[in-house]
Amino acid sequence: MIKNHVYIETYGCQMNLADSELIMGILKKQGYEITKQIENANVILLNTCSVRENAEEKIFHRLDHLKNVKKKNPSAVIGVLGCMAERLRKSLIEEKKIVDVVVGPDEYRRLPEYIEFAFGGEKGIGVKLSRTETYEDIEPYREDGISAWIAVMRGCDKFCSFCVVPFTRGRERSRSLNSVVEEIKKLSQRGFKEVTLLGQNVNSYKDGNYDFADLLAACASVDKNMRIRFTTSHPQDLSDKLLYTIAEHENICNYIHLPVQSGSNRILELMNRTYTIEHYLNLIDKARKIIPGVSFSTDIIAGFPTETEEDHKMTLNVMKQVKYDGAYMFKYSPREGTKAYNMKDDVPEEIKLRRLNEIIELQQQISYEINQQLINKEEVILVEGFSKKSEEFLSGRTDTNKVVVIPKKESIKIGDYVRVKINRATSATLFGEAF
Ligand code: 5AD
Ligand code: SF4
């Protein structure tokens, strides 16, 4: 039998990257081969993102381009998976004739079946959401490496008013603590050095009486030489117990991604974020006391409906107060089906863009200042690979998630922990020397 070859492209968040590994795991078990060359594939899958309109536009363009691929290889099956599949469903097949298979995030087990249908000339749609599916029994397909992701929960129950995720990924559900720990053991045996636990809101992880802090502690105890990271935390649910757990375990990284979204209480309320800026800033203070040297990153949205210049200034102020190590910054994008979609998207495009640019500029300045202060300091990095720009340099990250580039050395291997001295810094990268 000639095996079918699958090519998959992944868009969007880390959760999607983890899902693609899961999808490849499912397909491999059914005898499919994974290929990185689209021209060798007879199954072409796009794992998609719906979080902002420009993400979807990019994928629509990609689908238009795939028409040519299908012309050359008419028997190829083209599938759209992930959040866009869930959101657009049948209309994807109706509007984009080249799409044969549409499968949402909770139906990946049935993907082989849908692909089979498609080989038989039928279009397949699987978009049911589940309250229980966690795929915890499925082994993801991972290439050997240093860093791995594990989705410890799926879905989101927060319903922030701008966010489409609760609709595309369904209700919150957690994997068992045991299954996560077992997966980490296997990763450790395979030589992985870092695991990132993923969830839309990891702080509401629950397995019986175990909460997220228990999960983190259990993961950290598997292999002391393995770094444990996690994302994303919602400011409402980040417990003291979690902060103490991070502080107690050397190998749980001192880095928290804590999206603030806006600095204005009025906007936060409209966003249904369920915390105030005072609560948020208290949390940051408390975390800094409990975990000395902890670093923070955040997500910020510019131009949410009704946002005034005053509200925007409050966001800039919070950024100055917290001094985030990094930030993901976005223009508000209305998403059909969300609560905010019913509000008038009344901040004009050029004002949104100007506010976003001010946010980006301020963050660059802050990151630059923080990084300058690290010059002449010592850090320990986990070497992850060659630097993006040159194979003469290696690149790794500090415990606090900062990228450090060092000159290559015979004695340093990928996967090593290395002590480095920082000698130069930009807003995005530190440069140093091993010693
Ligand atoms: N518009 C702009 N940004 C959004 N995000 C989520 N939904 C939207 C939207 N409709 C951002 C939030 C979230 C991050 C993953 O994406 O900041 O934290
Ligand atoms: Fe979306 Fe809010 Fe859930 Fe994050 S916490 S996935 S922003 S609804």
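These values consider heavy atoms only, across backbone and side chains, with no hydrogens, waters or symmetry-generated copies. When a ligand or atom number is given, it counts from 1 through the structure's own listing order. Residues take their numbers from the sequence shown, with the count starting at 1.
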Inset, instruction - Assess the side chains of N225 and N251: does a donor N or O sit below 3.5 Å from an acceptor N or O? - result: no
| message | Using a 3.5 Å cut-off on N or O atoms only, is Y332 in polar contact with ligand 1? | response | no
Residues M226 and F192: closest non-hydrogen pair is CE-O, 3.6 Å
Among non-hydrogen protein atoms, atom 6 (S) of ligand 2 lies closest to Q200 CG, 3.3 Å
When distances are taken from atom 2 (Fe) of ligand 2, the protein heavy atom at minimum range is C160 SG, 2.3 Å
Closest heavy-atom approach to atom 2 (C) of ligand 1 among Q261, K331, K352 is made by K331
Requested in this report: Specify whether an N/O/S atom of C156 falls short of 2.8 Å from atom 3 (Fe) of ligand 2.
Outcome: yes
Quick note on ligand 1: atoms under 4.0 Å from a heavy atom of R335 include exactly 10 (N)
Is R273 in contact with ligand 2, taking contact as a heavy-atom separation below 4.0 Å? yes
In this structure, OG1 of T232 is separated from CG of L198 (nearest 0.5 Å) by 8.0 Å
Counting heavy atoms under 4.0 Å, the part of F162 that contacts ligand 1 is both
At under 4.0 Å between heavy atoms, what of I301 touches ligand 1? The answer is side chain
Going through the distances and angles, do D399 and R227 end up as a salt bridge (Lys or Arg N to Asp or Glu O under 4.0 Å)?
CA-CA 8 Å; D399 175 321; R227 278 181 171 176; 5.7 Å; no
Side chain to side chain donor-acceptor pair (under 3.5 Å) test vs E133 passes for just one of K128, R109, R173, namely R109
